[in-house]
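All residue numbers refer to positions in the sequence shown, counting from 1. Whatever order the structure lists them in is the order used to number ligands and atoms, beginning at 1.
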Amino acid sequence: MVEVRLENLKKYFDKGRVKAVDGINLTIKDGEFLVLLGPSGCGKTTTLRMISGLEIPTAGKIWFGDRDVTYLPPKDRNISMVFQSYAVWPHMKVYDNIAFPLRIKKYPENEIRKKVKWVAELLQIEELLDRYPAQLSGGQRQRVAVARAIVVEPDVLLMDEPLSNLDAKLRVMMRAEIKKLQAQLKVTTIYVTHDQVEAMTMGDRIAVMRQGKVLQVGPPVEVYSKPNSIFVATFIGAPEMNIVDVTVKETDKGVVLEGEGFEVPLPEELGELLRDYINKTVVFGIRPEHMTVEGISEFLHVKRKAKIKGVVDFVEALGTDTIIHARVGSKIIKVKIPGHVAVELKKEISIIIDLDNIHVFDKSTEKAII
Ligand code: ATP
């Protein structure tokens with residue numbers, strides 16, 4: 001096991017025109033499951049490839065514990081990788097696929113047998129050892145790829161979108177299995193995905209990336225409840241956070257956020273945080289699940305509330321939840337109500353906002369103020 005430290009890591013392509021990774025500082029703790037999360041092209045794979053040794057950094061350093069591995073070839077790093085494409089060898093039986101990395105390391109056959117048996121049990125693929133990959137389902141093939149990665153007991157396990165070729169149901173199942181397996185083995189794991197649900201459910205911590213930089217690192221709940229920027233706020237959560245421009249006003253009711261067709265009076269201490277923004281435009285953020293509709297659903301544990309008016313524009317009945325699209329001014333605000341509720345289109349509704357879960361961002365820097 002090992003701690004991985006990335007120090008001002010950079011990778012530029014095309015003579016510096018493409019800044020794929022642009023100065024990442026990140027420590028992945030010994031035994032931690034860290035998820036690199038971000039949209040396509042933000043530099044996740046390139047970061048992982050530098051950690052694996054498949055890519056040489058333009059600048060910066062990579063440490064495994066107190067070992068500088070920046071320029072070490074992959075084979076000398078004691079890492080394993082699992083990719084999106086299953087990358088199991090079609091001409092080898094499952095047993096030989098798993099045994100392969102041990103044979104490269106010249107383990108004696110009796111030890112190889114023991115280790116293959118150990119991982120096969122761990123991943124519940126004992127019955128498949130005698131089959132060829134073509135005789136396996138996608139999920140089974142991915143288990144073989146994971147088995148082959150962990151049989152060598154790597155210091156660091158690197159996974160690049162390993163579940164994205166699986167169907168939705170299998171993906172949910174494998175998510176839990178990989179998470180449990182990692183917790184059992186306590187191997188330092190770096191997992192790349194663009195799927196925020198995968199990141200939330202698997203990571204001990206999530207590093208949210210955008211344009212080659214890490215914007216925020218923290219445990220899933222922290223990144224969800226205290227996003228440090230509009231980008232992180234809207235990337236995590238589904239449906240995504242409602243974002244509306246408002247003006248901060250000082251009134252006889254205290255500080256209020258004034259938007260088109262609505263007004264949100266703020267509790268005193270939140271108003272204080274916006275002192276410097278009086279009469280300025282800021283960005284108001286509220287998640288669909290932190291609002292409800294009067295007369296339809298109740299907020300049981302919410303202490304401080306505000307009310308705004310809207311008109312029902314569209315309703316998505318998901319079974320588990322109902323998403324109400326309400327027109328407020330010229331904007332559509334989404335409200336998520338647990339369970340199935342009947343809502344009339346075009347009806348005027350009162351939307352209740354949980355004031356302890358509101359967000360306010362600076363309009364120009366897009367950074368969180370509240
Ligand atoms: P995805 O989720 O789509 O795989 P990503 O976040 O993993 O995206 P990277 O694959 O790391 O992103 O790519 C980051 C940026 O670097 C992209 O703009 C990509 O086009 C560019 N890039 C990656 N590899 C190379 C290369 N070998 N030569 C030139 N540009 C590259």
Side-chain angles (χ1 to χ4, degrees), residues 4-28 33-62 69-74 77 79-87 138 142 145-146 149 156-168 171-172 174-175 178 188-203 205-218 220 223 227-238 240 366:
V4 176
R5 196 149 46 84
L6 312 181
E7 223 175 71
N8 201 18
L9 198 62
K10 293 182 182 170
K11 181 69 190 184
Y12 295 172
F13 293 107
D14 280 349
K15 304 193 177 80
R17 278 191 289 269
V18 179
K19 295 182 174 172
V21 176
D22 198 14
I24 289 189
N25 289 291
L26 189 61
T27 301
I28 301 102
F33 194 123
L34 181 108
V35 178
L36 291 178
L37 173 70
S40 181
C42 71
K44 308 178 295 289
T45 297
T46 306
T47 305
L48 207 69
R49 285 171 60 82
M50 286 192 280
I51 300 170
S52 72
L54 291 172
E55 204 82 70
I56 299 292
T58 308
K61 286 211 180 304
I62 302 168
V69 300
T70 315
Y71 301 106
L72 223 53
R77 297 190 184 203
I79 49 121
S80 284
M81 279 193 91
V82 182
F83 300 96
Q84 176 178 353
S85 54
Y86 311 122
Q142 196 57 315
V146 173
V156 183
L157 181 59
L158 304 171
M159 299 180 129
D160 193 351
E161 309 245 4
L163 306 184
S164 46
N165 277 350
L166 305 180
D167 67 50
R171 207 156 56 217
V172 172
M174 283 299 282
R175 220 150 66 188
I178 290 180
T188 308
T189 301
I190 305 169
Y191 186 105
V192 160
T193 183
H194 62 266
D195 179 336
Q196 52 100 15
V197 177
E198 213 165 280
M200 289 292 289
T201 51
M202 296 180 86
R205 284 189 307 154
I206 301 175
V208 184
M209 289 184 66
R210 181 197 200 183
Q211 294 172 349
K213 291 187 176 5
V214 170
L215 294 194
Q216 185 168 2
V217 194
V223 177
N228 66 3
S229 54
I230 295 178
F231 180 82
V232 175
T234 50
F235 199 75
I236 303 237
E240 74 178 46
E366 302 201 343

| said: Rounded at 0.5 Å granularity, tell me how far CG in Leu163 sits from CE in Met174. | reply: 6.0 Å
| query | If you count the atoms of ligand 1 from 1 in the order shown, which ones are under 4.0 Å from a heavy atom of Pro39? | reply | 6 (O)
| query | Checking side chain to side chain contact (heavy atoms under 4.5 Å, CB included) for the pair Met81/Leu54: CA distance, chi angles, key distance, verdict? | reply | CA-CA 11 Å; Met81 279 193 91; Leu54 291 172; 3.9 Å; yes
| query | What protein heavy atom sits nearest atom 27 (N) of ligand 1, and how far away is it? | reply | Phe13 CE2, 3.4 Å
| Hey, does Val18 come in under 3.5 Å of ligand 1, counting only N/O atoms on both sides? | no
| Numbering as shown, the atoms of ligand 1 that approach Cys42 to under 4.0 Å (heavy-atom distance) | 5 (P), 6 (O), 12 (O)
| Atoms of ligand 1 close to Thr45 [distance to a heavy atom under 4.0 angstrom, numbered from 1] | 4 (O), 5 (P), 7 (O), 10 (O), 11 (O)
| query | Regarding Glu161 and Tyr191, is there a side-chain donor-to-acceptor distance under 3.5 Å anywhere? | reply | no
| said: What I want to know is whether His194 and ligand 1 share at least one N or O pair that is separated by under 3.5 angstrom. | reply: no
| remark: Heavy atoms of Ile28 and Arg205 approach each other most closely as CA-NH2, 4.2 Å
| note | Heavy-atom proximity to atom 1 (P) of ligand 1, picking from Gly38, Gly41, Ala20, points to Gly41
| Polar contact flag, side-chain donor to acceptor under 3.5 angstrom, Tyr12-Asp22 | yes
| remark: Heavy-atom proximity to atom 13 (O) of ligand 1, picking from Thr46, Asp160, Leu48, points to Thr46
| CZ/Phe13 to OG1/Thr58 distance, rounded to the nearest 0.5 angstrom? | 7.5 Å
| said: Under 4.0 Å from atom 19 (C) of ligand 1, is there at least one protein heavy atom? | reply: no
| Lys61/Glu7 salt bridge by N-O under 4.0 Å criterion | no
| task | Return the residue, atom name and 0.1 Å-rounded distance of the protein heavy atom closest to atom 12 (O) of ligand 1. | result | Gly43 N, 3.2 Å
| request: Looking only at protein heavy atoms, identify the closest one to atom 3 (O) of ligand 1 and say how far it is in Å. | output: Ser40 OG, 2.6 Å
| remark: atom 2 (O) of ligand 1: closest protein heavy atom, distance to 0.1 Å, is Lys44 NZ, 3.0 Å
| request: Can you measure from CG (Leu215) to SG (Cys42) and round to the nearest 0.5 angstrom? | output: 9.0 Å
| request: Tell me, please: is Asp14 in heavy-atom contact with ligand 1, that is, under 4.0 Å? | output: no
| query | Which atom names give the shortest non-hydrogen contact between Ile236 and Val223, and what distance separates them? | reply | CD1-CG1, 3.6 Å
| said: Could you check whether atom 30 (N) of ligand 1 has a protein contact, counting only heavy atoms that fall below 4.0 angstrom? | reply: yes
